[in-house]
Amino acid sequence: MIPYSPEAYQLLHDGSIALAEVEGNGIRIDVPYLNATIEETNAKILRMTKRLEQTDVLKEWRKRYGRKFNLGSGEQLGTVLFDIMGFDPPGLTETGKYKTDEASLAKVNSPFVKRYLKIKKYQKALSTNLEGLRRETEDGIVHPVFNLHFVVSYRSSSDSPNFQNIPKHEPKIARLVRLCFIARKGRVLVEIDYGGLEVCIAACYHQDPTMLAYLHDPSSDMHRDTAKDLYVLTDEEWERIPHKMQKMIRFTAKNSFVFAEFYGSYYVDCARNLWDDIDRDGLQGPNGEPLKEHLRKHGIFERGDCDPAEKPSKGTFEAHVQKQERRLWNRFAVYAQWRRDWYKDYQEKGWFKTKTGFICQGHMARNKVINYPVQGSAFHCLLWSLIQLVKKDLKRNKMKTLIVGQIHDSIVADVPIEELEDYLALAHNVMVKRLKRRWPWVIVPLEIEAEVSPVGGSWADKEEIKINA
DNA sequence: GCCATCGGCGCG
DNA sequence: AAAGCGCGCCGATGGC
């Protein structure tokens, strides 16, 4: 069976050509800054490593391994922490070694851990994002590759360097790396992204009335409402929490619970992650108290065993999250039913077809069957918009704007400052209005948000800007 | 020296 | 009944 309709084929065909042009354009790199930053980051890592020498963990480590000592070896670290020093092993990897990732190490009570993890973060940024970027930059321009093939869900990928995983969430690291990416002379970098695109596209498949109501009412906020339930916060208490803290609480509710559930996770894993999030992010309740203290006032005293074989005990966070899980899927009951029906249909036929005309066949686990069509179709909305801009609108209007990248649900462009207004209007027209005409199955309103760098400035300094429709 | 695999982690 | 989707890149490791 040919795995796509003629129109789906056309999308990949046009998309490949448009993305080739995007690759050719490339992004300007601040080479002097990049070179200086590589030097400085190297020195910083060296300094931090020196300070680590005084910790008891590192002393034990050197004693055990001598000349073979290697700070980058997770295996050595596991042996030192859990075999020699007797900390509780947080769990084992797929192949039976000690886990030494950030979440596991967070449970080890030692001043060594925090500093070690900080070094690892900078090491990662240095080797992947800074040195990797320098390797791939030529004449001050980098040309990331964007692939439309080999991705099972019919999304895209990027490499050499990967433009789709540049640090963003950790402020210091994000700034360090994003200062490298700058607008050309007299121009600004503009990133326009669809807000909540995957949720919107999922809603086009399942048409759950509660979800549709959320998406049609811009003043409502599913993640905020879920966050309040999850942490037992009344409206009045929520209002007393500082805006920045509200955002952090909403962020963890969204990523560790709502999206996790939508992707097929369940309350045991969610409870574990959410409980860890509270301490790691320093989440606080309405009186500035640690969120766990707030939960205690509402009869939630501890995390719970989170043992899949056991029922959660009363008074635990695990039991509470289980209750919230039931509540979530009761509210989105039509969505829940669609998941069952969609999967059953696949089991009977052995394949399914996406809204954008692609056929996925072969053996797939349940969660993949549910996620691929949404993930793929969401990206196709972005790709169609990008094709319109690159192939039609920018050329038709004889504009000098260059599309330079794409990150699943966003488009990055290098725009002459005098074209900014025109570009924003054009993008809005394509991404919001014309897309819905192109694909009438998009039955929810779409929203876009734009961020703009200073003239000749960097991606790190971009700021949100209003789009006048 | 080359290559595949693993654990870990960055992004959506 | 099962139990988080998709990518790419890095260093470590071990087999050849």
Side-chain angles (χ1 to χ4, degrees), chain A residues 68-78 91-105 116-117 120-133 135-136 144-170 173-174 176-178 191 193-199 201-202 254-273 306-309 322 325 339-340 343-344 347 360 364-376 378-379 382 405-410:
Chain A
K68 288 244 168 88
F69 166 83
N70 181 354
L71 194 63
S73 168
E75 212 171 307
Q76 291 186 10
L77 176 61
L92 300 178
T93 68
E94 206 60 44
T95 50
K97 295 171 191 156
Y98 292 123
K99 280 183 81 75
T100 54
D101 62 300
E102 190 175 353
S104 304
L105 291 182
Y116 169 82
L117 287 172
K120 292 266 282 190
K121 282 226 156 66
Y122 276 90
Q123 185 57 52
K124 167 101 176 164
L126 176 65
S127 58
T128 303
N129 303 113
L130 298 175
E131 291 177 336
L133 183 59
R135 270 202 305 279
E136 301 289 350
V145 175
F146 295 98
N147 313 292
L148 288 183
H149 297 97
F150 313 123
V151 183
V152 60
S153 62
Y154 293 105
R155 244 195 183 184
S156 69
S157 70
S158 169
D159 62 69
S160 311
N162 185 346
F163 189 62
Q164 297 176 326
N165 71 347
I166 313 284
K168 178 173 188 175
H169 300 139
E170 192 94 4
I173 303 281
L176 191 74
V177 175
R178 284 172 181 243
E191 179 167 1
D193 74 305
Y194 279 111
L197 185 60
E198 280 200 21
V199 173
I201 297 308
K254 172 179 144 190
N255 287 311
S256 296
F257 185 63
V258 180
F259 280 174
E261 291 279 349
F262 288 176
Y263 284 147
S265 189
Y266 76 134
Y267 72 93
V268 173
D269 287 328
C270 291
R272 263 204 216 106
N273 293 332
C306 293
D307 177 357
Q322 184 184 35
E325 179 181 74
R339 295 159 72 92
R340 290 189 285 271
Y343 182 55
K344 196 167 153 246
Q347 282 184 309
C360 300
M364 282 170 274
R366 179 178 178 278
N367 289 334
K368 303 186 185 213
V369 175
I370 291 163
N371 291 324
Y372 287 173
V374 174
Q375 205 174 73
F379 169 67
L382 191 282
Q406 158 270 123
I407 313 171
H408 306 303
D409 64 355
S410 77

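Proteins get letters first, then strands, A, B, ... in listed order; numbering begins at 1 in each.
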Which residues pass the salt bridge (charged side-chain N to carboxylate O under 4.0 Å, His left out) test with [X], sequence neighbours left out?
{"X": "A/E131", "result": "none"}
{"X": "A/D193", "result": "none"}
{"X": "A/K168", "result": "none"}
{"X": "A/E170", "result": "none"}

Taking any atom closer than 4.0 angstrom to a non-hydrogen atom of chain A, what span of DNA chain C does the protein reach, first nucleotide to last? C/dA3 to C/dT13
Taking only residues two or more places apart in sequence, or in another chain, which ones meet A/Y98 in a side chain to side chain donor-acceptor pair (under 3.5 Å)? A/D83
Contact state string [nucleotides 6-12 of chain B, B base, S sugar-phosphate only, - no protein heavy atom under 4.0 Å]: SSBBBBB
Excluding sequence neighbours, so at least two apart, what forms side chain to side chain contact (heavy atoms under 4.5 Å, CB included) with A/K99?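 Expected list: A/T93, A/D101, A/S104.
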Show your reasoning for whether side chain to side chain donor-acceptor pair (under 3.5 Å) applies to A/Q406 and A/S156. CA-CA 9 Å; A/Q406 158 270 123; A/S156 69; 3.1 Å; yes
Holding to ring-ring contact (aromatic ring centres under 6.0 Å, His included), I want the full list of residues that pass it with A/Y372, two or more places apart in sequence or in another chain. none
Interface with DNA chain C, restricted to residues 364-374 of chain A and to heavy atoms under 4.0 Å: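 DNA chain C contact set from residues 364-374 of chain A: A/N367, A/K368, A/N371, A/Y372.
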Does A/E102 pair with A/K120 as a salt bridge, N-O distance under 4.0 Å?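 No, no charged N to carboxylate O under 4.0 Å.
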What side-chain donor-acceptor pairs closer than 3.5 Å can you find for residues 256-269 of chain A, not counting sequence neighbours?
| from | atom 1 | to | atom 2 | distance (Å) |
| --- | --- | --- | --- | --- |
| A/S256 | OG | A/D277 | OD2 | 2.7 |
| A/E261 | OE1 | A/W329 | NE1 | 3.1 |
| A/Y263 | OH | A/E198 | OE1 | 3.4 |
| A/D269 | OD1 | A/R272 | NH1 | 2.9 |

For DNA chain C, just give me the dot-bracket, please: Watson-Crick or G-U, both distances below 3.5 Å, ( ) intra-strand, [ ] crossing earlier pairs, | paired with another strand, . unpaired. ....||||||||||||
